[in-house]
Amino acid sequence: MSLTVNNLEGNEIAADYSRIASERGRWGETWDVVKSSFWKLVLINIFMLIGFLPGVGILIVRSMRIVSLGALAPTNSNTGIGYPATPDMQGLAESIYLSADLLFYPLLIVAGFIASVGVAGGAYSIKKLLNSHGQFSIKGFFRGIKLCYFNTVLPATIFLAFLVATFLIGDWKDYVIASGGSAAGPIVAYVFIIIATVLVGIFCGWLFVVGISYRVSFLQLFKNAFVLIIGSPLQTIFFAGMALIPVWLYMVGSAVDIVKIISYIVFIFLGFSFILVIWLSFTQWVLDLYVTPNIKAAEAAAVGKTAKQLESEKQQDEKRVAMELLAAGKSELICKPILPISEENAVRPLGKTFTRSDMENVKADRQKLDGDIAAYEKEHLSDPVYAEYNKLFSEREKALKDDGKKSKKKKVSSKNLLGN
């Protein structure tokens with residue numbers, strides 16, 4: 001993918017937790033969280049439901065308005081001279097719906113500002129549950145509101161604007177067709193607004209996830225959301241549909257009463273949490289793939305290194321150390337290996353009183369120590385750090401001759417070793 005996700009690594013919004021590496025994979029961990037934190041998800045869902053109550057109230061008042069307008073509609077009348085007359089009812093029902101929706105549906109955008117409060121806290125809490133293996137606190141819910149509200153209300157407002165436009169254009173289409181007008185234009189407009197709403201909804205879903213997960217600039221937020229959609233289009237569509245299972249259940253319930261009751265129960269106790277669990281699990285999995293490519297590449301490169309490459313790197317490091325020591329001038333303490341101090345090589349000390357046997361033991365210890373020093377020096381003299389150090393001085397000594405004078409060497413020092 002030519003486009004890349006930028007400015008996310010190191011900018012995660014995680015004020016009260018640290019992300020724990022997943023050992024079983026993202027979906028295995030999600031299932032464990034759902035099993036172990038089911039009642040936490042129910043509690044989070046109830047908190048979010050409170051934020052949706054104004055929107056639910058608007059829809060209830062809208063339905064009551066439609067019923068009242070239907071009751072006042074002129075289904076029959078009298079001319080006043082004893083002859084009944086039937087008024088023109090063409091498009092009346094559609095006009096009632098259109099007038100009611102023009103009044104109440106735009107209010108849903110305002111209600112979205114309130115619902116976003118609960119969604120911000122719920123999304124942050126569920127993200128924390130998924131990334132920290134089940135940690136949750138009421139304080140964390142309200143911290144999520146503070147940290148994520150703006151990046152929640154922004155995509156919510158954009159999506160609700162398109163959704164309201166879809167409902168209103170649908171009402172307008174029905175009214176035009178019922179009134180006997182040309183259906184071609186309204187149908188085309190309706191199809192286009194549906195497609196646009198679906199695409200914008202998916203984009204807003206990613207905009208929401210990136211916004212509540214990372215601190216990035218406004219423009220980078222939009223760019224990263226677009227790149228993540230391009231990078232996983234089929235997976236995004238599939239998991240978006242899977243996350244909206246409670247919505248599909250409600251839509252089926254519009255035709256089957258028992259299913260509608262079940263959908264209400266689901267939304268009250270788990271519906272919103274279910275949507276966020278599925279969507280955040282999927283999106284966090286995608287972010288795991290794209291956010292730390294440099295770290296993953298470095299780990300892969302380290303695993304792929306052969307023993308020969310590692311040895312070569314070690315030799316290069318030792319050569320670098322020798323070059324740094326060169327500036328200090330040749331030293332007997334550096335040009336040859338020195339046996340490390342240890343208790344095994346210690347010479348037994350003489351006390352205040354000692355015998356000839358004690359002196360012989362000290363002499364033997366010293367002879368042994370001299371032998372160990374010589375053996376250690378012989379064993380390690382060819383190590384790159386000493387060999388390179390001595391080689392540099394040897395070559396420099398050969399090059400340091402007087403101008404034209406035969407084989408006369410200058411005294412080696414830190415100045416002439418490094419050149420004039």
TODO: Check whether any side-chain heavy atom of Y97 lies under 4.5 Å from a side-chain heavy atom of L69, and answer yes or no.
DONE: no
Task: CA sep, side-chain torsions, deciding dist, call: I126, F141, side-chain contact (heavy atoms from CB on, under 4.5 Å) - done: CA-CA 9 Å; I126 291 176; F141 182 91; over 6 Å; no
Task: Pairwise salt bridge (Lys or Arg N to Asp or Glu O under 4.0 Å) hits with a residue in residues 250-270, at least two apart - done: none
Open item on the list: Any salt bridge linking R366 with D370? Criterion: basic side-chain nitrogen under 4.0 Å from a carboxylate oxygen.
Closed with: no
Task: Stepwise ring-ring contact (aromatic ring centres under 6.0 Å, His included) test for F203 and W206 - done: CA-CA 5 Å; F203 176 78; W206 269 112; over 10 Å; no
- [ ] Fit a plane to each ring of F239 and F282, take the angle between them on a 0 to 90° scale, and name the class: parallel (under 30°), tilted (30 to 60°) or perpendicular (over 60°).
- [x] parallel
Open item on the list: Rounded to the nearest 0.5 Å, what separates atom CG in L249 from atom CZ in F274?
Closed with: 10.5 Å
Open item on the list: Apply ring-ring contact (aromatic ring centres under 6.0 Å, His included) to residues F222 and F218 and explain how you reach the verdict.
Closed with: CA-CA 7 Å; F222 279 80; F218 186 76; 5.0 Å; yes
Open item on the list: My understanding is that only residues two or more places apart in sequence, or in another chain, count here; which of them pass salt bridge (Lys or Arg N to Asp or Glu O under 4.0 Å) with D101?
Closed with: R62
Open item on the list: For F52 and F272, take the angle between the two ring planes, folded into 0 to 90°, and tell me which bin it lands in: parallel under 30, tilted 30 to 60, perpendicular over 60.
Closed with: parallel
Task: salt bridge (Lys or Arg N to Asp or Glu O under 4.0 Å) contacts in which one or both residues fall within residues 200-222, not counting sequence neighbours - done: none
Task: Donor-acceptor contact below 3.5 Å, side chain S99 vs main chain I96 - done: yes
- [ ] Supply the atom-to-atom distance I158 CD1 to T197 OG1, rounded to the nearest 0.5 angstrom.
- [x] 12.5 Å
TODO: Consider only side-chain N and O atoms of S281 and E29, and report whether a donor and an acceptor are under 3.5 Å apart.
DONE: no
Open item on the list: As a test of understanding, state which of W172, Y105, Y190 forms a ring-ring contact (aromatic ring centres under 6.0 Å, His included) with F167.
Closed with: Y105
